[in-house]
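Heads up: the structure comes next, in structure tokens.
Throughout, numbering of the chain's residues begins at 1 and tracks the sequence. Only this structure's heavy atoms are used, side chains among them; waters, hydrogens and symmetry mates stay out.
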Amino acid sequence: MQKRKLIVIGNGMVGHRFVEKILEFGGSEKFEITVLGEEPRRAYDRVHLSEYFATKSVDLLYLCPPDWYRANGIKLLLSEPAVSIDTKSRILTTSRGTELVFDELVFATGSSPFVPTFEGVDKQGVFVYRTIEDLDKILEYGKGIQKAAVLGGGLLGLEAAKALVDMGKKTHVVEFASRLMPRQLDEAGSSILKSKIEELGVTIHLDTQTEKALGDSKIEGLQFKDGSNLEIGMLVISAGIRPRDELASKAGITVGERGGIIVDDELKTNVYGIYAIGEVALHRNFIYGLVAPGYEMAESLAYNLCSPSQTPKVYAGSDLSTKLKLIGVDVASFGDALGQSKHIPIVFTNPRTGVYKKLVISEDGKFLLGGILVGDAEAYGNLLALYLNKVELPEAPETLIVGSPNSESAFSADSLPDQAKICSCNNVSKGDILTAIREQDCTDLGTLKSCTKAGTGCGGCLPQVNNLLKAELRSQGKVVTEHLCEHFAYSRQELFQLIKVKGLTSYKEVLAVQGKGNGCETCKPAVASILASLYNEPIQKHREIQDTNDKFLANIQRGGTYSVIPRIPGGEITPEKLIVLGEIGKKYGLYCKITGGQRIDLLGARVDQLPDIWRDLVENGFESGHAYGKAMRTVKSCVGSTWCRYGVQDSTAFAIKIEERYRGIRAPHKLKSAVSGCIRECAEARGKDFGIIATEKGWNLYVGGNGGVNPKHAILLAEDLDDETCIRYIDRFLMFYIRTADKLTRTSAWLEQLEGGIDYLKDVIINDRLGINSQLEEEMNRLVDTYVCEWKDVVENPEKQKKFKHFINSNDTDPTIKFVEERGQKRPVDWPKTELVNS
């Protein structure tokens, strides 16, 4: 049988997915496929385009290997777009004059950036943000620029802003609407997002209309409708999209009044055998600007073309759910996020932490209609599954965003039917995932993602996918692996041992020897923590893979300033040192606060002030309190037998001894401790990762406690210990935890997950069940002996001090930091008011 000639115009993500589905549905036997690409390279991932700024390599963005087209019998024409189509003779002509005959033709031409028509928009230094070539131009031009702006505060605009931040530019975002991401977020959610982004040094201009680009031949600023100006050296426009329908319109194919090729529910145009999918398609008077709907269209059309005798798949529209990390802030939106239908809103907001969560539920309280998550989108995959599959909500639906002991049951994958959609980006059901595990031997997350495409879009469904994988493997009696991420096929515990045994000393080396790819925001800080736990080197040696707080050895606060918390072992401080802290607070205009861990917090420091503040502190005998790190924080104490009539041991002295021993030691999560001088427990030792309570005979040692949202009482490990034995047990406990806990796991959760629980831990720590106690003690002694104050390390190193500047190429300070005075001290200006709604 002679193959029919199928031409696909456009080699973007949707066009590529369409061809993949044609092959999957057996279309290679039926069609001779030609793909036309306007760009000079094969299909690549535009969703993660901003990652190009970090790697400068397009290789990690490609959607297929170089020989994929040839291997599948596909003719690929790059840098050769179509210029005309004769729908009667069924001939397409390319830019090089090539004439191609077709039987079926699919428009997957996508969209082009919408560029507003204000004066000066054509000046040098004005760019759009769409292709690799656009990014190369931005990188090159930006070398001599300090300040830049993005026109547009939607998804793509904020992605473009992140790119400029990564380039080290002082960045502004200009948005015509009254809020960021107006199609996905409500006012309250947008307000929280705005505040979080501004904390990172980006200035947001809302309700702002651009009238003119200033400058002669090149842009030097923007003039706004209200008469104000903004000085910049580069402008990136990301103000929306326009469907690439000009070729179709010229060929007599019907397009919408405001653009887009009109298609029906089978993606057909008004011309027989010609179809449109993705951002160029106008379906039911709607243009979809996300990749997931394009993928759904691609799958529906591919199925219909390959199975003409079957009942056609009907494309009825798509959900606009999406999850992204925008300039370091997690944002997710799904369903009727803005509450346009009759509903009951349940809203949780915490401006202090920058978290906003909103559920839109049906009036009868039974079903989830939509939602918004800002600052903490961990629950996105689970909530999306409840929404997409119309799962009945628990009696108290607010527990889905504020938590409860029983809220996890609503998220159980077992409660979903096999047809339940898990990955909306790629239209993958629970049944598809289980089939891949059972029949295609997908026994790890990476293979499962490759096989089903689940989790390869926004990534929001990955927790659900991973849970399904683990549950199915366990049901088959197979070993369940806990990989750190897709770049390391090891758990944190396994990677810890490999790094230790092989003596690997840098992230680059670890990635080259044990991993693959360029890494991600999950594995980088995890490896940094492992290296610090093993070698105890100053954290600045691995600065490029640290979280923000560790990078700057201080906690970033609301308003973009930092807090400085020097160590005060056991809470004991001399009058002279108290005076020093007061003088430093006055010198730098810092807000002073006594913390819950018996320390003094100096808040409101600009990043450029940090080395000077640290110098003053170090010169007066202070050192870093590691309040910014996943490390040993504080050892709280009462006054003990020295002062208290009830005290039976000197808790202050022992607390100081403990804190000075374990200071700076890095772990999978932060560590807190306390020492109480009697059973009255004034230091609250049983609410700590390890707590010590005095007895008449010595000390009782408790482990695995914590405060916070889900407080846990620590459990008794050993009784009536002398000083040396107590410390020896703590050495073993901490090193065993550091060796075996997963990333970001507190000791309480680690102990709960430990097979055998406290009895097993006692057997290991006290009875040396594993025969490793001498190793654990030796490793801890090495960390104790190699301690270096990280602040002092920076103070004594001029090269390291250069990293503590707001601008890479200027000594200017951050002009956006603003304070108000309250109770005799300064504090950041207030965030916009948002309401807390509960139902």
Side-chain angles (χ1 to χ4, degrees), residues 184 288 290-293 295-297 299-300 303 313-323 332-346 357-373 377-401 403-404 406-438 445 448-449 452-472 475:
Q184 289 86 17
Y288 291 93
L290 298 172
V291 71
Y295 280 178
E296 285 189 59
M297 294 181 195
E299 181 170 350
S300 292
Y303 176 85
K313 272 193 176 182
V314 172
Y315 175 73
S318 294
D319 174 58
L320 293 176
S321 305
T322 186
K323 178 191 174 195
S333 172
F334 61 94
D336 184 14
L338 302 181
Q340 296 172 330
S341 57
K342 289 184 178 181
H343 70 283
I344 299 172
I346 298 177
K357 300 179 182 183
K358 175 183 178 181
L359 297 182
V360 178
I361 66 172
S362 59
E363 288 187 297
D364 59 7
K366 288 186 176 181
F367 299 103
L368 187 59
L369 304 179
I372 294 172
L373 303 169
E378 187 176 349
Y380 170 74
N382 296 322
L383 292 172
L384 183 61
L386 296 183
Y387 159 67
L388 291 175
N389 301 294
K390 295 182 172 57
V391 176
E392 193 161 332
L393 296 175
E395 243 181 77
E398 64 272 14
T399 60
L400 298 175
I401 53 174
S404 86
N406 301 316
S407 61
E408 286 300 311
S409 61
F411 290 160
S412 170
D414 293 337
S415 66
L416 299 175
D418 280 1
Q419 64 270 26
K421 188 186 290 187
I422 299 296
C423 175
S424 61
C425 290
N426 294 293
N427 197 27
V428 184
S429 69
K430 174 184 173 182
D432 295 332
I433 292 168
L434 294 179
T435 299
I437 300 169
R438 294 166 182 167
L445 189 58
L448 189 58
K449 286 169 66 178
T452 65
K453 304 298 181 185
T456 59
C458 73
C461 64
L462 281 176
Q464 284 277 79
V465 175
N466 204 24
N467 288 341
L468 284 170
L469 173 63
K470 291 176 185 176
E472 180 60 26
S475 73

Closest heavy-atom pair and its distance - Val360, Ala337: CG2-O, 3.8 Å
Heavy-atom closest pair, residues Thr399 and Pro394: OG1-CG, 4.4 Å
Step-by-step side chain to side chain contact (heavy atoms under 4.5 Å, CB included) determination, Met297 to Tyr288: CA-CA 11 Å; Met297 294 181 195; Tyr288 291 93; 3.8 Å; yes
Aromatic plane relationship, Tyr380 with Phe334 - under 30° parallel, 30 to 60° tilted, over 60° perpendicular: perpendicular
Pairwise side-chain contact, Ile346 with Leu400, heavy-atom cut-off 4.5 Å (strictly under): no
Minimum heavy-atom distance between Pro397 and Ile361, given as atom pair plus value: CG-CD1, 4.0 Å
Spatial distance of atom CG (Leu359) from atom CD1 (Ile372) [nearest 0.5 Å]: 10.0 Å
With sequence neighbours excluded, residues passing side chain to side chain donor-acceptor pair (under 3.5 Å) with Ser429: Asp432
Residue among Leu388, Leu384, Val428 satisfying side chain to side chain contact (heavy atoms under 4.5 Å, CB included) with Cys423: Val428
Interatomic spacing from OG in Ser475 to NZ in Lys470 - rounded to 0.5 Å: 14.5 Å
Close side-chain approach of Leu448 to Ile437, heavy-atom, < 4.5 Å: yes
Euclidean distance, Leu338 CG relative to Ser333 OG, rounded to 0.5 Å: 6.5 Å
Evaluation steps, side chain to side chain contact (heavy atoms under 4.5 Å, CB included), between Ile422 and Val465: CA-CA 7 Å; Ile422 299 296; Val465 175; 3.9 Å; yes
Qualifying side-chain hydrogen bond (donor to acceptor under 3.5 Å, both in side chains) pairs with a residue from residues 337-346, counting only residues at least two apart or across chains: Asp336-Ser341
Tyr295 side chain near Ser318 side chain, heavy-atom distance below 4.5 Å: no
Lys/Arg cation over aromatic Tyr303: Lys313, 6.0 Å, 45° cone: yes
Pairs touching residues 357-373 that satisfy salt bridge (charged side-chain N to carboxylate O under 4.0 Å, His left out), sequence neighbours left out: Asp186-Lys358, Lys357-Asp376
Distance-minimising heavy-atom pair for Pro293 and Leu290: CD-O, 3.3 Å
Backbone of Val314 reached by a side-chain donor or acceptor of Ser300 within 3.5 Å: no
Intermediate values then yes/no, side chain to side chain contact (heavy atoms under 4.5 Å, CB included), Lys430 and Leu434: CA-CA 6 Å; Lys430 174 184 173 182; Leu434 294 179; 3.9 Å; yes
Atom pair CD (Glu398) and CG (Leu393), whose distance is rounded to the nearest 0.5 Å: 10.5 Å
Rounded distance [0.5 Å steps], CG in Leu386 versus CG in Leu369: 12.0 Å
Spacing of NZ belonging to Lys390 relative to CG belonging to Leu368, to within rounding of 0.5 Å: 11.0 Å
